[in-house]
Amino acid sequence: MASYPLTLPAGESSPLGILTHPNPALWILELRNGVDNRLTQPLLVGVLKPALDAVETDWRATRGRSSNNPNEWAPAALIITGKLDQDKFFSNGFEFANIKGDRLWFPHTFDPIALRLMSFPIPTIAAINGHAFAAGFVLSLLCDYRVMTSGKAWCSMNEVLFGAPLPVSFVHILKSKLPSPAVLRACTLEGKRFTAQEAHALGIVDELADGGSAGVLSKAEEVAKRVAGLAKTGVWGIMKKSIYPDVFEKSAGHAQPLYPPEEDALFRSKL
Amino acid sequence: MASASATHHRPVRVCFPAGSNPPLGILSHPSPTLWVIELRNGPDNRLAEQVLLDVIAPALDRIELDWRNTRRKGSDSEEWAPAALILTGDLRQNKFFSNGLLVESIAMRGFFPQIFDPVITRLLTFPIPTIAAINGHAFAGGLVLALACDYRIMTSGRAWCSMNEITFGVSLPPVVSAILQTKLPSPDVLRACALEGKRFTPQEALACEMVDQLAEGGSAGVLHKAIEYAERVENLAAKGVLGTLKKSKYLSVLNILGDDINLPTPHEADTMFRTKL
C-alpha cells in the first residue's frame with residue numbers, strides 16, 4: 001500500500017501534485033502546477049502517471065478481501081481536482097512550448113496517460129474548480145463524471161482561436177463525451193466558452209457546486225460515494241474501452257493533422 | 001404466396017420452430033402490409049439459441065422472401081409493397097418483453113460472432129421498417145433486440161429497460177456495444193445504461209428517447225399502438241432501398257461483424273496489470 005499523502009513527483013520538495021486516500025473507497029488527486037495548472041511533462045509523467053499507478057495497485061489489492069469472493073473488488077472512486085487553495089483555474093491546458101514542434105508529445109507523452117485515465121478501472125470524477133481550457137477541459141472529459149464550480153469559470157476548446165488543429169485523440173475524446181453534434185460544433189469549430197451554467201444545462205458537466213473549490217470537492221465526494229460501488233465487479237474500465245472504442249483504437253498510428261501553414265503549403269504545391 | 005392484393009389477402013400464421021408444439025414463436029401476417037413475430041419462450045422469453053436460429057432467422061427469411069416477391073414496375077421506378085414488421089414478446093402476459101440471453105449461451109465460445117451477431121445485424125438492417133412492441137421488461141439481450149428495431153413502443157406499465165452486465169462483471173461483446181453506441185441517444189444515456197446498469201422506467205426511456213412512444217392497456221395496448229405506428233411507416237419499404245440505407249447508417253456495427261475482438265475479463269485485466277509492475 002502506498003504511503004498517503006503521496007506527494008509527487010517523488011522526492012520533490014515543492015510537489016506538483018498530492019494524492020490522498022481519505023477513506024477506503026476514495027482517492028483524491030490535487031494537481032498544483034503553478035498559477036494555472038498547466039499539464040506539463042513533469043505533471044503528466046511525474047504526477048498523473050505515478051498517481052494512477054498507486055491508486056490502481058492499491059485498489060487491485062482489495063480483490064476478494066471483503067467477501068472472499070475473487071470476483072469482487074472494493075468500491076472505489078478517484079477525484080481529480082485543480083489547486084484547492086484558489087478558485088480561478090482547474091487547468092489551462094498545455095504549455096505551448098511543449099507541443100510546438102514536438103511530434104512525439106501526443107503519441108508518446110499525452111495520449112498514453114489520457115487513454116489510461118479514460119479507461120481507469122474505478123469511477124473517476126473531475127472536480128472542475130475553475131477554468132478548464134483546451135487540454136484542461138479534455139482532462140475533465142477523460143473522467144467519468146464532472147462536477148463544476150457554479151462560480152465564474154468557463155470550459156472551452158480554444159484551438160480554433162489560436163490556429164491549432166485538434167490532435168486525433170482529442171477529437172475522439174470530445175466526440176465520445178460531448179452530448180451532441182451541435183455542442184461539438186460550438187465547442188470545436190466556434191471555440192465557444194461555456195459558462196458553468198451552460199455546461200450544466202447541456203449535460204457537459206453533471207453537477208454544479210457553490211462554495212468555491214471546497215464546495216466543488218465536497219460535491220465531488222458526494223458523487224464519488226454514489227458511484228464507488230460500480231467498481232466492485234471489476235469490469236468498469238473494460239466496459240469503458242468497449243463503449244468508447246474510437247478513442248482507444250483510433251488515437252494511435254494516425255498522421256497528426258496539419259497546422260495552417262503546412263496546409264497552405266500543401267495546397268500551393270498542388271496548384 | 002405473394003400478398004399482392006388486399007382483397008385476396010390470406011392471413012398467415014406460422015409456428016416456429018417448424019413442427020414444434022408449443023411453438024417458441026409465431027409469425028403472423030394479419031394484413032397485406034403487416035407482419036408480427038411473437039416470441040414465446042417460457043415465462044421470461046429468453047433469446048435461446050433455438051429462438052435466434054429456428055424462430056427469428058427463418059421468420060425473417062419468410063417475410064423477406066414474401067415482400068421481395070411483391071416487386072413490380074411502378075410509374076417511374078421499381079416498387080415493392082409497403083410493409084412493416086412488429087416484434088413482440090408473449091402477448092398472453094404483461095411481465096416480460098425478453099429477459100435476454102441464457103447464461104450457457106453467453107459462456108459458449110463463438111456464440112456472439114456465429115449466432116447472435118448475424119441474427120441481430122440482419123434485424124438491424126432489415127429491408128422493411130421494424131417496430132419493437134416492448135410489452136414488458138427488456139433486459140440485456142432483450143433490450144438489444146428492441147434497440148435493433150427501427151422504432152420502439154413500450155408499455156406504460158411496470159417494466160424496465162436495462163443492460164445489467166456491469167452488475168455481473170461481464171463486458172459487452174463488440175456488436176452489442178456498437179448497437180448501444182449507435183442507438184442510444186447520448187453519451188449520458190450510454191453511461192447510465194452501460195456503465196451504471198441503470199434500470200430505465202418506461203417514462204424515463206421515453207424522456208431520453210430510448211423509446212418512441214408509450215402505450216397503456218398491457219400487451220394488447222402496446223401491440224395496438226405498434227400497429228398504428230406500422231401503418232404510418234410501412235411506405236418506407238416501397239422503394240426497396242431501406243435496407244441499404246440502414247446498412248450505410250449502421251456501417252460501424254457491420255464493420256465489426258465477424259471480428260473476434262477479445263476484451264479481457266476482470267481476472268485477465270488484473271493479471272495483465274500485475275505482470276506489468
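Below, chains carry the letters A, B, ... as their sequence lines are ordered, and counting in each starts from 1. Only a predicted model underlies this, so the values are computations on that prediction, with no experimental measurement involved.
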field: Distance (rounded to the nearest 0.5 Å) between A/Glu207 CD and A/Glu222 CD
entry: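 Nearest 0.5 Å value for the CD-CD distance: 7.0 Å.
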
### Task
Give a yes or no on whether the backbone of A/Leu208 and the side-chain of A/Ser150 come within a donor-acceptor separation of less than 3.5 Å.
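Not at all, since once roles are kept as given, no pair shorter than 3.5 Å links the two residues.
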
- Could you tell me whether a side-chain N or O of B/Asp150 sits under 3.5 Å from a main-chain N or O of B/Thr130, the two making a donor and an acceptor?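 Yes, the answer is positive, given that a donor and an acceptor are paired below the 3.5 Å cut-off.
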
Among the listed options [options], the residue most often paired with chain A at heavy-atom distances under 4.5 Å:
options                      : answer
B/Ala178, B/Ser252, B/Pro264 : B/Pro264
B/Val170, B/Leu172, B/Thr167 : B/Leu172
B/Thr265, B/Ile166, B/Leu195 : B/Leu195

Does a sphere of radius 6.0 Å around NZ in A/Lys192 hold more than 12 heavy atoms from other residues, nucleotides or ligands, not counting ones at 6.0 Å or beyond?
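Yes, because the 6.0 Å sphere around NZ of A/Lys192 holds more than 12 heavy atoms from other groups.
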
Chain B contact via [X] - which portion, at a heavy-atom distance below 4.5 Å:
X        : result
A/Ser180 : neither
A/Glu72  : neither
A/Lys232 : neither

Legend entry - Pair B/Gln181-B/Ser177, side-chain donor/acceptor within less than 3.5 Å: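 Side-chain D/A pair, B/Gln181 to B/Ser177: present.
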
key: Geometric cation-pi criterion, A/Arg63 with A/Trp59: 6.0 Å, 45°   =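 Checked: cation-pi criterion not met.
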
Looking at A/Pro245, A/Gly237, A/Pro123, A/Gly229, which has the largest count of heavy-atom pairs under 4.5 Å with chain B?
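Most pairs with chain B among the choices: A/Pro245.
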
Q) Given the options A/Lys177, A/Arg60, A/Lys240, A/Lys241, which has more heavy-atom pairs under 4.5 Å with chain B than any of the others? A)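 Among the listed options, the one with the most contacts to chain B is A/Arg60.
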
Report task. Provide the closest heavy-atom pair for A/Ile80 versus A/Phe90 in the form atom of the first, atom of the second, distance. Result ->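 What the structure gives for the nearest pair is O-CE1, 3.7 Å.
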
Counting only heavy atoms closer than 4.5 Å, note whether B/Asp188 contacts chain A via side chain, backbone, both or neither.
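Only the side chain of B/Asp188 comes within 4.5 Å of chain A.
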
